[in-house]
Amino acid sequence: SDLQVDNIKDGSATKTLATLSSSAVTLHSDVTFPAGHVISTQMFVGTGSNTTASWATSASYQTTGLTTGAISHGSGNKVLLTGRFLVNANGGGYDKAVYVGLDGATSQTDSQIYFADSDDAQLWITIPYLHLDSPSGTSTTYTAQIKATDGGNLGFNNTNSFLLVQVIQQ
């Protein structure tokens, strides 16, 4: 047997919770999901030419071509940021530290990798990134940034780096 309805209402029949029209169900804005429910998932890949920075002048973060645009997260929800950043480092012949962070996050959480470059070789480094953000307001834009220590050059491969953004109901 089938159950066929056009509307689903609450127990007092005063509030419509869902409506059926043209074989599509629309949930009313009063319907809430339990805490921990993923509300939305979006993936972003960098655009444009690669971002380069001089190690000697990279004491502060420099913006890359990987940005999310405005992420609508509503008030009080969390945003899980998972990324893979491809960084090119060469020159200097020193121990180095490469940092990747996200501008827009309420607290800057760095992913960092240390390595030794004794022969001035060009190195490609994959840096993983994971951060649970507690943003204020109702939308946030995140932009990947890079910085480094010690001499040489640093590049951020925009088109082979990505950021996965998941809004989580609280």
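Everything quoted here is computed from the prediction, not taken from an experiment.
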**Student:** Which distance, rounded to the nearest 0.5 Å, do you find between the CD of Gln170 and the CD1 of Ile168?
**Tutor:** 7.0 Å
**Student:** Could you walk me through whether Leu102 and Leu81 satisfy the side-chain contact (heavy atoms from CB on, under 4.5 Å) test, starting with their C-alpha distance in whole Å, then the side-chain angles of each, then the deciding distance to 0.1 Å, before giving a yes or no?
**Tutor:** CA-CA 9 Å; Leu102 287 178; Leu81 303 155; 3.7 Å; yes
**Student:** If every non-hydrogen atom of Phe85 is compared with every non-hydrogen atom of Ala144, which pair is closest and at what distance?
**Tutor:** CE2-CB, 4.2 Å
**Student:** Asn157 side chain to Ser161 main-chain N or O, any donor-acceptor pair under 3.5 Å?
**Tutor:**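 Not confirmed, Asn157 side chain does not pair with Ser161 backbone.
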**Student:** I'd like to know whether Leu20 forms a side-chain contact (heavy atoms from CB on, under 4.5 Å) with Asn7, so could you lay out the CA-CA distance, the side-chain angles of the two residues, the decisive distance to 0.1 Å, and finally the verdict.
**Tutor:** CA-CA 6 Å; Leu20 174 66; Asn7 294 301; over 6 Å; no
**Student:** Identify the heavy atoms of Ser134 and Lys78 that sit nearest to each other, and give their distance.
**Tutor:**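 Smallest heavy-atom distance, with atoms named: OG-NZ, 2.7 Å.
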**Student:** Identify the heavy atoms of Asn160 and Arg84 that sit nearest to each other, and give their distance.
**Tutor:** O-NH2, 2.6 Å
**Student:** Would you find more than 12 non-hydrogen atoms of other residues, nucleotides or ligands less than 6.0 Å from Lys9 atom NZ?
**Tutor:**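 Correct, the count exceeds 12.
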**Student:** How long is the straight-line distance from CG of Asp133 back to OG1 of Thr140, given to the nearest 0.5 Å?
**Tutor:** 6.5 Å
**Student:** Restricting to non-hydrogen atoms, name the atom on Thr138 and the atom on Ser75 that form the minimum distance, rounded to 0.1 Å.
**Tutor:** CG2-N, 4.1 Å
**Student:** If the test is side-chain contact (heavy atoms from CB on, under 4.5 Å), which one of Phe162, Tyr142, Phe44 qualifies with Leu66?
**Tutor:**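 Per the side-chain contact (heavy atoms from CB on, under 4.5 Å) rule, the option paired with Leu66 is Phe44, out of Phe162, Tyr142, Phe44.
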**Student:** Mind checking whether Tyr129 and His131 have parallel, tilted or perpendicular rings, split at 30° and 60°?
**Tutor:**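 Judged by the thresholds at 30° and 60°, the geometry between Tyr129 and His131 is tilted.
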**Student:** Going from CD1 on Ile8 to OG1 on Thr16, what distance comes out if it is rounded to the nearest 0.5 angstrom?
**Tutor:**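 Between atom CD1 of Ile8 and atom OG1 of Thr16 there are 10.0 Å.
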**Student:** Are Val45 and Leu163 close enough, and set up right, to give a side-chain contact (heavy atoms from CB on, under 4.5 Å), and what steps lead you there?
**Tutor:** CA-CA 7 Å; Val45 177; Leu163 185 63; over 6 Å; no
**Student:** Which pair of heavy atoms, one from Ala18 and one from Val25, lies closest together, and at what distance?
**Tutor:** CB-CG1, 4.1 Å
**Student:** Starting at CD of Gln42, measure out to OG of Ser72 and round the result to the nearest 0.5 Å.
**Tutor:**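 If we round to the nearest 0.5 Å, Gln42:CD and Ser72:OG are 9.0 Å apart.
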**Student:** Can you give me the closest heavy-atom contact between Thr63 and Thr143, atom names plus distance?
**Tutor:**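 Reported closest heavy-atom pair: CG2-CG2, 3.4 Å.
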**Student:** Does the side-chain contact (heavy atoms from CB on, under 4.5 Å) test come out yes or no for Val167 and Val38, once each step is laid out?
**Tutor:** CA-CA 6 Å; Val167 178; Val38 175; over 6 Å; no
**Student:** At what distance, to the nearest 0.5 angstrom, does CG of Leu27 lie from CG of Leu17?
**Tutor:** 8.5 Å
**Student:** Would you say Thr141 and Thr67 make side-chain contact, with heavy atoms under 4.5 Å?
**Tutor:**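 The answer is yes; the side chains approach within 4.5 Å.
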**Student:** To the closest 0.5 Å, what do you measure between OG1 (Thr64) and CG (Asp103)?
**Tutor:**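 If I round to the nearest 0.5 Å, the distance is 10.0 Å.
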**Student:** Report whether Leu164 and Ile71 are members of the same hydrophobic cluster (ILVMFWY, side-chain heavy atoms less than 4.5 Å apart, transitive linking).
**Tutor:**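 Looking at the clustering, Ile71 is in a separate group from Leu164.
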